[in-house]
Novice: 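Let me begin by handing over the structure; questions about it come next.
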Amino acid sequence: MVGAVAVALAAVTAPTGQPPAHAEQGAALRVALTTDVDSLNPFLATLAASTELGRLMYEFLTTYSAKDQSPVPALAERWTTAPDNLTWTFTIRSGAVWSDGVPITARDVAYTFNLMLTNPVARTANGNFVANFDSVSAPDDRTVLIRTKTPQATMLALDVPIVPEHVWSKVTDLAGYANDTTPVVGSGPFVLADYKPNQYIKLTANKKYWRGPAKIDELDFVSYKNADAAVQALRKGEVDLVNRLTPDQFDGLRGQTNIAVHKAQGRRFTELLLNPGAATRTGEPIGDGHPALRDVRVRRAIAQAIDVRTLVDKVFAGYAEPGSGYIPSVFQSYHWEPPAGTARRFDLAAAGRALDEAGYPRGPDGIRRGADGRPLALRLVGHNNVSSDAQVADYLKRWLADIGIAVDVQMLSGNRLNEVTAAGDYDMAFSGWGVNPDPDAVLGLQTCGQRPGPDGKGGTTDSFFCDPVYDDLYRRQLAEFDPVKRADLVRQMQQRFYDQVPAVILFYQDALEAYRADRFSGFPVQPDPGGVIREQNGYWGYYGAQPVAGADSGGSRDLWAVLLRFGVPLVVVGGVALYGYRRRRSREDDRE
């Protein structure tokens with residue numbers, strides 16, 4: 001039997017792996033996954049695919065509306081705040097239950113937040129949300145009282161998955177807890193039913209979900225090596241939804257039979273990190289970044305030697321916006337652009353003069369050197385399976401060579417890139433982050449306290465930036481309840497970041513998506529109109545997916561599940577190993 005199965009297997013081009021066929025054969029949405037899942041533990045998950053799964057599995061106190069991304073009730077059906085803005089009272093909705101039928105109470109909420117307050121591991125992913133908390137209590141099953149140390153304007157934007165106390169109180173090793181013993185008890189619209197790392201993630205509709213069951217019975221994420229493989233799977237009908245398309249892939253799918261394309265304004269920024277001197281939160285240096293990058297004049301010169309408009313036009317064919325501040329323009333109230341006359345214009349000659357004035361003359365080989373005699377030869381690290389990283393790197397290498405800086409481009413696997421950037425072992429690196437409707441989380445990435453601990457671990461810093469001026473602005477915006485005044489402080493923070501240049505914001509890439517129109521008639525987008533289907537600040541795209549009546553819900557797409565259930569060993573198909581796809585982190589695999 002295995003031999004016969006292997007013959008059948010060899011005749012088809014396979015994805016990494018498919019989840020077992022769902023028994024009810026109802027509507028199943030299959031989504032191509034080309035990015036990593038770092039953890040299913042919501043206290044540890046930081047990559048975009050992981051946080052998206054967390055939103056599907058666990059409710060927050062509040063969520064963001066599909067229409068305009070304003071805060072709306074979730075587990076908390078209403079809330080009040082004391083006149084001093086220090087004590088918040090959340091009323092937990094009546095009748096909501098966990099997927100195993102146990103009632104959801106205020107004690108689950110208090111347990112989640114208190115775990116984060118008392119266990120540093122629990123603060124790994126979302127610790128910034130509770131850093132200003134003084135106490136959290138549940139005087140009864142429906143009331144949560146949160147007292148903050150100072151007024152906190154983000155209390156309706158606490159993007160923290162609430163976990164069931166009756167499950168998590170039994171966890172003895174939080175750092176080692178994978179949270180993948182299925183079915184995983186949750187409160188969101190979907191329940192994790194099966195998981196094979198780097199192959200597939202299978203979720204089923206939560207029939208006990210307080211909003212009511214989703215329109216689909218099953219949601220499967222199927223791992224592919226890259227977007228090219230995912231696009232081919234979409235064409236063949238092996239998956240129903242693909243995102244993070246390149247401009248060429250997106251344009252190539254236009255007008256294809258049974259395929260609809262969707263372009264949305266992106267909520268992510270892509271940046272070039274410039275190691276400003278990596279250190280722990282106590283100020284101990286770590287990593288091996290080039291010492292010249294500690295000089296803000298060098299960082300400014302590098303930034304002036306980058307033509308972001310050319311990158312947008314040549315690399316992304318216009319499917320992006322030039323970067324400025326790190327709040328994308330989709331969040332217009334917080335978006336910042338340099339005032340007229342203060343923006344850095346692309347000017348290689350001016351960048352060269354700035355390096356001359358800063359004391360970095362050219363040597364006989366044309367490469368500049370500092371006072372210590374060390375050449376300005378910088379490593380640029382990127383992702384070896386993200387084509388745009390290599391394309392952008394080619395431009396950067398040429399531009400920086402023109403101003404006397406040598407660049408050694410090193411494209412690394414996603415895991416390796418994560419390791420070197422977290423350790424500070426880089427000079428320049430491509431990175432990117434997603435931004436939520438409330439910008440506090442991404443603002444906090446640049447604060448001194450987000451750097452790693454004394455052991456070099458545990459931080460969620462973006463760029464190792466540590467600046468007293470920026471930190472003071474961060475504290476002020478957090479306590480400011482006037483939306484106009486707070487937005488002004490947020491823009492001042494971005495201006496400070498722009499001036500100090502721990503990173504150059506390169507562009508905000510459009511979200512390019514495509515789906516099988518013969519199987520799904522549409523998806524709720526966020527915001528509406530013009531928003532994304534996947535990677536929302538919520539779960540609306542999946543929860544409200546509209547299956548086409550009578551469309552194939554499984555059929556030949558379940559072939560791989562059948563073959564896998566036969567226990568077929570590693571099989572090479574067209575040079576690709578069925579189980580051979582590796583973990584990766586794409587440029588946009590950012591924390592939420």
Novice: What I want to find out is whether Glu535 reaches Arg268 closely enough, with some N-O distance under 4.0 Å, to be called a salt bridge.
Specialist: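 Result for this pair is yes, salt bridge flagged.
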Novice: Under the salt bridge (charged side-chain N to carboxylate O under 4.0 Å, His left out) criterion, do Arg297 and Asp295 qualify, and how do the steps go?
Specialist: CA-CA 5 Å; Arg297 297 170 299 177; Asp295 188 337; 2.9 Å; yes
Novice: Just by modelled atom types, is the Gln304 backbone N or O under 3.5 Å from a matching donor or acceptor in the Arg345 side chain?
Specialist: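 No, Arg345 side chain to Gln304 backbone: no donor-acceptor pair under 3.5 Å.
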Novice: Hey, are Arg379 and Asp288 close enough for a salt bridge, meaning a charged N less than 4.0 Å from a carboxylate O?
Specialist: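 Yes, this pair counts.
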Novice: Can you tell me if Tyr539 and Gln526 form a side-chain donor-acceptor pair at under 3.5 Å?
Specialist: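 Their side chains do not contain a donor-acceptor pair, so the 3.5 Å distance test is not met.
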Novice: Is Arg55 close enough and on-axis enough to Phe190, meaning under 6.0 Å and within 45°, for cation-pi?
Specialist: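 Relative to the ring axis of Phe190, which defines the angle, Arg55 lies outside at least one limit.
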Novice: Taking all non-hydrogen atoms of both residues, which atom of Ala74 and which atom of Thr63 are closest, and how far apart?
Specialist: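 Smallest interatomic distance, heavy atoms only, reads CB-N, 3.9 Å.
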Novice: Does the side chain of Gln410 come under 3.5 Å of the side chain of Asn384 through a donor N or O and an acceptor N or O?
Specialist: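 Not at all, the side chains of Gln410 and Asn384 share no donor-acceptor pair under 3.5 Å.
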Novice: Test side chain to side chain contact (heavy atoms under 4.5 Å, CB included) on Leu156 and Phe90; report intermediate values, then the result.
Specialist: CA-CA 10 Å; Leu156 299 184; Phe90 292 90; 4.1 Å; yes
Novice: Can a donor-acceptor pair be found, under 3.5 Å and without considering hydrogens, that links the side chain of Ser39 to the backbone of Leu44?
Specialist: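 Pair absent, no side-chain N/O of Ser39 close to backbone of Leu44.
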Novice: Side chains of Thr460 and Gln450 only: does a donor on one sit below 3.5 Å from an acceptor on the other?
Specialist: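 Yes, a side-chain donor-acceptor pair sits under 3.5 Å.
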Novice: Starting from the C-alpha separation in whole Å, work towards a yes-or-no answer on salt bridge (charged side-chain N to carboxylate O under 4.0 Å, His left out) for Asp472 and Arg496.
Specialist: CA-CA 11 Å; Asp472 179 64; Arg496 180 65 177 176; over 6 Å; no
Novice: State whether a side-chain donor-acceptor pair under 3.5 Å links Asp159 with Asn126.
Specialist: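 There is no such pair (donor and acceptor under 3.5 Å, judged by atom type) between the side chains of Asp159 and Asn126.
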Novice: Contact between Thr46 and Thr51 at the side-chain level, heavy atoms closer than 4.5 Å - yes or no?
Specialist: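 Thr46 vs Thr51: side chains apart.
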Novice: If you measure only the distance, is there a donor-acceptor pair under 3.5 Å linking the side chains of Gln152 and Thr154?
Specialist: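 The criterion, which ignores hydrogens and geometry beyond distance, is satisfied for Thr154 and Gln152.
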Novice: Thinking salt bridges, do Asp408 and Lys397 make one under a 4.0 Å N-O criterion?
Specialist: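 Between Lys397 and Asp408 there is no salt bridge, as every charged N stays at least 4.0 Å from the carboxylate O atoms.
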Novice: Indicate yes or no: at least one non-hydrogen side-chain atom of Thr461 is less than 4.5 angstrom from one of Pro452.
Specialist: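 In short, these two side chains touch, coming nearer than 4.5 Å.
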Novice: Fit a plane to each ring of Phe269 and Tyr326, take the angle between them on a 0 to 90° scale, and name the class: parallel (under 30°), tilted (30 to 60°) or perpendicular (over 60°).
Specialist: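 It falls in the tilted class, 30° to 60°.
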Novice: State whether the side chain of Tyr395 and the backbone N or O of Lys314 hold a donor-acceptor pair below 3.5 Å, judged by distance alone.
Specialist: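 No.
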Novice: For Ser463 and Gln446, test the side chains for any donor-to-acceptor distance below 3.5 angstrom and give the result as yes or no.
Specialist: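 The answer is yes; a qualifying pair exists.
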Novice: Do Glu321 and Gln265 have side-chain atoms, one donor and one acceptor, less than 3.5 Å apart?
Specialist: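 A pair is found: one side chain offers a donor N or O, the other an acceptor, under 3.5 Å apart.
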Novice: Nearest 0.5 angstrom please: Arg491 CZ to Trp336 CH2, how far?
Specialist: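 If I round to the nearest 0.5 Å, the distance is 11.0 Å.
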Novice: Under 3.5 Å, is there a donor-acceptor pair between the Asp462 and Trp433 side chains?
Specialist: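 There is such a pair (donor and acceptor under 3.5 Å, judged by atom type) between the side chains of Asp462 and Trp433.
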Novice: If you compare all heavy atoms of Asn198 against all heavy atoms of Ser223, which two are closest, and at what distance to 0.1 Å?
Specialist: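 Closest approach of Asn198 to Ser223: O-CB, 3.3 Å.
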Novice: When rounded to the nearest 0.5 angstrom, what is the spacing between OH in Tyr319 and CG in Leu245?
Specialist: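 Here the interatomic distance stands at 10.5 Å.
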Novice: Looking only at side-chain N and O atoms, does Ser65 offer a donor or acceptor that is under 3.5 Å from a partner on Asp68?
Specialist: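 Short answer, yes.
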Novice: Please tell me if the side chains of Val136 and Leu145 come closer than 4.5 Å, counting only heavy atoms from C-beta onward.
Specialist: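 Counting from C-beta outward, Val136 and Leu145 never come under 4.5 Å.
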Novice: Side chain of Asn128, backbone of Leu445: donor and acceptor closer than 3.5 Å?
Specialist: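 Pair absent, no side-chain N/O of Asn128 close to backbone of Leu445.
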Novice: With side chains defined as the heavy atoms from C-beta onward, is the minimum distance between Leu33 and Ile201 less than 4.5 Å?
Specialist: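 Leu33 reaches Ile201 side chain to side chain.
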Novice: Under the side-chain hydrogen bond (donor to acceptor under 3.5 Å, both in side chains) rule, what do Gln477 and Asp440 come out as? Steps first, then yes or no, please.
Specialist: CA-CA 9 Å; Gln477 69 81 29; Asp440 180 74; 3.1 Å; yes
Novice: Say whether Thr87 and Arg147, considering side chains only, have a donor N or O and an acceptor N or O under 3.5 Å apart.
Specialist: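 Result is yes, a qualifying pair exists.
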Novice: Using only atom types and a distance under 3.5 Å, with no angle test, would you say the side chain of Asn119 pairs donor to acceptor with the backbone of Leu115?
Specialist: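 Side chain of Asn119 to backbone of Leu115: no pair is present.
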Novice: Do the rings of Phe465 and Tyr470 sit parallel, tilted or perpendicular, given the 30° and 60° boundaries?
Specialist: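 It falls in the perpendicular class, over 60°.
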Novice: If we count only N and O atoms by modelled type, under 3.5 Å, do the side chains of Asp499 and Gln495 hold a donor and an acceptor together?
Specialist: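 Side chains of Asp499 and Gln495: no pair found under 3.5 Å.
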Novice: Return yes if some donor-acceptor pair links the side-chain N/O of Asn436 with the main-chain N/O of Asp438 below 3.5 Å, else return no.
Specialist: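 Not at all, since once roles are kept as given, no pair shorter than 3.5 Å links the two residues.
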Novice: Checking Asp427 against His290: is there a side-chain donor and acceptor pair closer than 3.5 Å?
Specialist: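 Distance-only check fails for His290 and Asp427.
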Novice: Is the closest side-chain donor-acceptor distance between Asp467 and Gln500 under 3.5 Å?
Specialist: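 Not at all, the side chains of Asp467 and Gln500 share no donor-acceptor pair under 3.5 Å.
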Novice: Considering non-hydrogen atoms only, spot the tightest contact between Ser324 and His335 and give its length.
Specialist: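 Closest pair (atom of Ser324, atom of His335, distance): OG-CE1, 3.6 Å.
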Novice: Quick one: does Asp482's side chain have a donor or acceptor within less than 3.5 Å of a partner on Lys485's backbone?
Specialist: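 Yes, because the side chain of Asp482 sits within donor-acceptor range (under 3.5 Å) of the backbone of Lys485.
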Novice: Any heavy-atom pair between the side chains of Phe507 and Val392 that's under 4.5 Å?
Specialist: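 Answer yes - side chains close enough.
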Novice: With rounding to the nearest 0.5 Å, note down the distance linking CD1 in Ile146 to CH2 in Trp79.
Specialist: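 One finds 12.0 Å between CD1 of Ile146 and CH2 of Trp79.
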Novice: Angle between ring planes, Trp540 versus Tyr543, binned at 30° and 60°: parallel, tilted or perpendicular?
Specialist: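 Aromatic pair Trp540/Tyr543 classed perpendicular.
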Novice: Are the ring centres of Phe221 and Tyr542 closer than 6.0 Å?
Specialist: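 Ring centroids of Phe221 and Tyr542 are less than 6.0 Å from each other.
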Novice: Quick one: which of Tyr177, Phe113, Trp168 gives a ring pair (Phe, Tyr, Trp, His ring centres under 6.0 Å) with Phe43?
Specialist: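 Output: one option passes, namely Trp168.
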Novice: State the CD1-CG distance between Ile302 and Leu355, to the nearest 0.5 angstrom.
Specialist: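 Here the rounded value is 7.5 Å.
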Novice: How close do Gly370 and Tyr360 get, counting heavy atoms only, and between which atoms?
Specialist: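 Nearest pair, atom of Gly370 first, then Tyr360: CA-CD2, 3.6 Å.
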Novice: Would you say the side chain of Arg309 lies within less than 4.5 Å of the side chain of Val312, judging by non-hydrogen atoms?
Specialist: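 Val312 reaches Arg309 side chain to side chain.
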Novice: Parallel, tilted or perpendicular: which describes the rings of Tyr426 and Phe464, with under 30° parallel and over 60° perpendicular?
Specialist: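 Taking Phe464 first and then Tyr426, their aromatic rings sit tilted (interplane angle of 30° to 60°).
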Novice: Can Tyr195 and Asn179 be counted as having a side-chain donor-acceptor contact under 3.5 angstrom?
Specialist: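 Result is no, nothing qualifies.
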Novice: Side-chain contact test, heavy atoms from C-beta onward, threshold under 4.5 Å: evaluate it for Val504 versus Leu274 and give yes or no.
Specialist: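 Heavy-atom side-chain distance check passes, below 4.5 Å.
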Novice: Any side-chain to backbone donor/acceptor pair from Ser431 onto Glu271? Under 3.5 Å, distance only.
Specialist: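 Checked: no pair found.
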Novice: Tell me whether Arg534 is salt-bridged to Glu513, with the criterion being a basic N under 4.0 Å from an acidic carboxylate O.
Specialist: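 Salt bridge between Arg534 and Glu513, a charged N being under 4.0 Å from a carboxylate O: no.
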Novice: Any donor and acceptor pair, going by atom type alone, linking the side chain of Asp389 with main-chain N or O of His383 inside 3.5 Å?
Specialist: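 Yes, Asp389 side chain to His383 backbone: donor-acceptor pair under 3.5 Å.
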Novice: Which atom names give the shortest non-hydrogen contact between Gly287 and Asp425, and what distance separates them?
Specialist: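 What the structure gives for the nearest pair is CA-OD1, 3.1 Å.
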Novice: Nearest 0.5 Å, please: how far is CG in Asn41 from CG in Asp180?
Specialist: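 Reported value, rounded in 0.5 Å steps: 10.0 Å.
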Novice: With distance as the sole criterion, is a donor-acceptor pair present between the side chains of Asp471 and Thr447 under 3.5 Å?
Specialist: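 Per modelled atom types, Asp471 and Thr447 side chains form no pair under 3.5 Å.
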Novice: Would the distance check show the side chain of Thr148 and the main-chain N or O of Asn132 forming a donor-acceptor pair, the cut-off being under 3.5 Å?
Specialist: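 Not at all, since once roles are kept as given, no pair shorter than 3.5 Å links the two residues.
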Novice: I'd like to check Phe331 versus Pro439 (side-chain heavy atoms, cut-off strictly below 4.5 Å). Are they in contact?
Specialist: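 In short, these two side chains do not touch, never coming nearer than 4.5 Å.
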Novice: For Ala178 and Leu40, which heavy atoms make the closest approach, and how far apart are they?
Specialist: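 Shortest heavy-atom separation between Ala178 and Leu40 comes out as O-CB, 3.6 Å.
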